[in-house]
Protein chains: 2
Amino acid sequence: MATISDVAARAGVSTATVSRALNGKSTVDPALVAKVQQAAAELGYQPNGLARNLRRQETAVLALIISDVENPFFTSIARGVEDVAQTSGYSVVLCNSDENADKERRYLDVAVQERVAGVVLSPTGTETDVAVLTGRGTPVVAVDRPLAGGTGDQVLVDTRRAAREATGHLLGHGYRRVACVTGPSGVRTADDRLAGYRDAVVGVHDEVVRRAEYKAAGARRATLDLLDADPGTDALLVANSTMAIGVLEALAERGLRPGRDVGVVAFDDAPWATLIDPPLTVVAQPAYEIGAEAARLLLARIADNTRGPTATLLDARLIERGSSVQSS
Amino acid sequence: MATISDVAARAGVSTATVSRALNGKSTVDPALVAKVQQAAAELGYQPNGLARNLRRQETAVLALIISDVENPFFTSIARGVEDVAQTSGYSVVLCNSDENADKERRYLDVAVQERVAGVVLSPTGTETDVAVLTGRGTPVVAVDRPLAGGTGDQVLVDTRRAAREATGHLLGHGYRRVACVTGPSGVRTADDRLAGYRDAVVGVHDEVVRRAEYKAAGARRATLDLLDADPGTDALLVANSTMAIGVLEALAERGLRPGRDVGVVAFDDAPWATLIDPPLTVVAQPAYEIGAEAARLLLARIADNTRGPTATLLDARLIERGSSVQSS
DNA sequence: CTGAAAGCGCTAACAT
DNA sequence: ATGTTAGCGCTTTCAG
């Protein structure tokens, strides 16, 4: 594989000139630039990014560590991050921590070792330690879930308020007893959505809560259990769209129809939400915008890391559809 | 940030010993190993992966370039790749080419420049040129779609046959006129599924075909147009699950019920396929297994690149559900 | 405007 | 078993 010296030899110049020419430094004779470019092309020269980055002490890649590639909420975030990174010439590498603290640690280590320019992170737990990054000066922005230290930027959604409003919406539409199906304890969004739910039901009726992995299978079992243990339940607040799949499966198994028999509101506006009958009422989060904003903050901080930490709180929006009204 | 010499100084040994100790080379005095490890820990030493890789002339990262992170089919592949890579100590970075040849090129260049160990690629077009990789000895395995040269491993699905069978299934269940909604011309899976459709309808009735981006919005418009232009259509073969969303939206807009009014079979068993009423008949592809197998092949080839190219053909399976039977 | 040379942090011969 | 040393391929002073 051709190196810069091969190109230099072929073009009859020094490696320094090749470097300058290829990187568009102004101070090079146009004639030489042309010669260098031709030599590079003839040799099929591809710069060695490792050597370059080692020398420059910086890379143009961002790491995005999310907890579930198969969750549309996170892939939308990924699109947002990617689109803005792209415009600034950064590549983004996506790492799937799988809601697993060990995997997350490993990817965090990889991020340091590969000296990425910055990382966007959706922490699996509150205990995530990003000191290895920040200690080295690598900026980190947390998305969807806060980072313990409170150091660094974060872009979150006011998910507790959204959960309270969604629960209130159900209560205001004639449902008498709302249950909450949420994610694992310790996952901040799961806890916040539960808290919002509690805010709304307190003083109205006892709380009915089930927790499971943020996955369909767990949510299905939890719902089945809930329905059996608490038959008075006539509405459900579901903490994300992946769980919603399991919840809807469980309802179907019990012959319960969303809306009429059991009101349902789920977080995240999945693409299929309007296909089911009745269509699913959702709390839509601005996922793409979360990613885009996180990338903007990260880029800004890569350029200038002296400013204080920022906290951006985006709003979620209730989209009322058929699954939360009793008509029909 | 601490370097290997800092650790060496603190432990009172040479950098070579530090390197050996930290990399678990057998030939180091256990006492020294301990001293080195302690020094490293005290300094919060994190090896510089760039320097290491530059020196070693190799990296332990695989690139996975797919055309749509938001398509569950591809994210399942990603899971498959990741799971097997993980077990061999490789990290995988996910790049989203967005079905765009330019972006794909850029990521291919990044892959060369960062000297990744290998790449799993779902080519956007038939013209994708991976010579930059292969010329350098970087193995490439194609998934879902073949690579022009025929060089390198590939793991594909017999999608043409699957499309033929699915179309035959519709024809065998009383539908008289089946249309095909597929992806853009030049995208191999889109063309193959169309070919399979043609295999089945030829001699039975004229073909009715619409093409659109592999996205919901385009498929919706295409379906609306198709329904207007060819009202005799009573069944639809849809080339992927993302398009299926648009197709089902269009059907709903026209007041047409899947199964009874219009038979529907779509590629890819999306998680929501059983939630709609009637549930969606699908052609399930072994996406996870495609990714896992691709990663295995890639790893094998990284270890030994002398064997000839292989072609793995996996089977898709028709899962018959309510949307393709006229009952009710 | 161009070249010579140093050096990023690490690993792998080669010595000892 | 450990240390010395020479690079990996590039960019960037520093001279000229």
Side-chain angles (χ1 to χ4, degrees), chain A residues 1-37 39-40 43-61 109-110 112-117 132 136-138, chain B residues 1-37 39-40 43-61 109-110 112-117 132 136-138:
Chain A
M1 158 133 264
T3 74
I4 199 173
S5 347
D6 299 328
V7 178
R10 184 167 192 115
V13 298
S14 73
T15 60
T17 299
V18 174
S19 173
R20 285 191 277 249
L22 261 23
N23 289 295
K25 303 288 182 198
S26 44
T27 62
V28 189
D29 185 326
L32 280 189
V33 173
K35 227 173 3 181
V36 168
Q37 281 171 343
L43 292 168
Y45 171 69
Q46 284 280 359
N48 185 324
L50 297 170
R52 164 187 290 162
N53 296 335
L54 176 58
R55 174 61 228 233
R56 284 209 185 134
Q57 297 282 67
E58 72 181 26
T59 57
V61 357
D109 284 343
V110 171
V112 201
Q113 289 170 18
E114 299 300 325
R115 303 300 196 258
V116 300
V132 282
R136 214 207 134 252
T138 305
Chain B
M1 158 134 263
T3 74
I4 199 173
S5 348
D6 299 329
V7 178
R10 183 166 192 118
V13 298
S14 73
T15 59
T17 298
V18 174
S19 174
R20 284 190 278 250
L22 261 23
N23 289 297
K25 304 287 183 200
S26 44
T27 62
V28 189
D29 186 324
L32 280 191
V33 174
K35 239 195 324 203
V36 168
Q37 280 172 342
L43 292 169
Y45 171 69
Q46 286 279 358
N48 185 325
L50 296 170
R52 164 185 293 162
N53 296 335
L54 175 58
R55 175 61 230 232
R56 284 208 187 138
Q57 296 283 65
E58 72 181 28
T59 55
V61 358
D109 284 343
V110 171
V112 199
Q113 289 171 17
E114 299 300 325
R115 303 299 195 261
V116 300
V132 283
R136 214 208 133 252
T138 305

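This is a predicted model, so every value here is computed, not measured. Below, chains carry the letters A, B, ... as their sequence lines are ordered, and counting in each starts from 1.
The CG-C1' distance, from A:Asp29 to C:dT2, rounds to 10 Å in whole Å. The CG atom of A:Leu43 sits 15 Å away from the C1' atom of D:dG9 (whole-angstrom rounding). B:Met1 places its CE atom 9 Å from the P atom of C:dC10, with the value rounded to the nearest Å. Distance A:Lys35 NZ to C:dC1 P: 16 Å, rounded to the nearest Å. As a whole-Å value, the separation of A:Leu54 CG from D:dG7 C1' is 12 Å. Across the protein-nucleic acid pair, A:Gln46 atom CD and D:dC10 atom P stand 11 Å apart, rounded to whole Å. Taking atom CD of B:Glu114 as the reference point, atom P of D:dG9 lies 15 Å away to the nearest angstrom. Across the protein-nucleic acid pair, A:Gln113 atom CD and C:dG9 atom C1' stand 13 Å apart, rounded to whole Å.
Backbone-only engagement by A:Thr3 is indicated by non-hydrogen atom pairs under 4.0 Å involving sugar-phosphate atoms exclusively. At a threshold of 4.0 angstrom between heavy atoms, the contacts of A:Leu50 with the nucleic acid are absent.
Summarising the geometry of A:Gln46 relative to B:Arg115, their closest heavy-atom pair is O-NH2, 3.5 Å, with the distance given to 0.1 Å. Taking each heavy atom of A:Thr59 and A:Val116 in turn, the nearest pair found is OG1-CA, 3.3 Å.
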query = How would nucleotides 11-16 of chain D be written as a contact map, 5' to 3', with B for base contact, S for sugar-phosphate-only contact and - for no contact, using protein heavy atoms under 4.0 Å?
reply = BBB---
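In this structure, the separation between CZ on B:Arg55 and CG on A:Leu50 is 13.5 Å, given to the nearest 0.5 Å. Summarising the geometry, atom CD belonging to B:Glu58 is positioned 8.0 Å from atom CG belonging to B:Asn53; distances are rounded to the nearest 0.5 Å. If you take OG1 on B:Thr3 and CG on B:Asn48, they are separated by 9.5 Å, rounding to the nearest 0.5 Å. For the atom pair CD of A:Gln57 and CE of B:Met1, the computed distance is 10.5 Å after rounding to the nearest 0.5 Å.
Taking only side-chain nitrogens and oxygens, B:Gln57 never comes nearer than 4.0 Å to OP1 or OP2 of C:dA12.
You'll find the side chain of A:Ser19 reaches within 4.5 Å of the side chain of A:Asn23, heavy atoms only.
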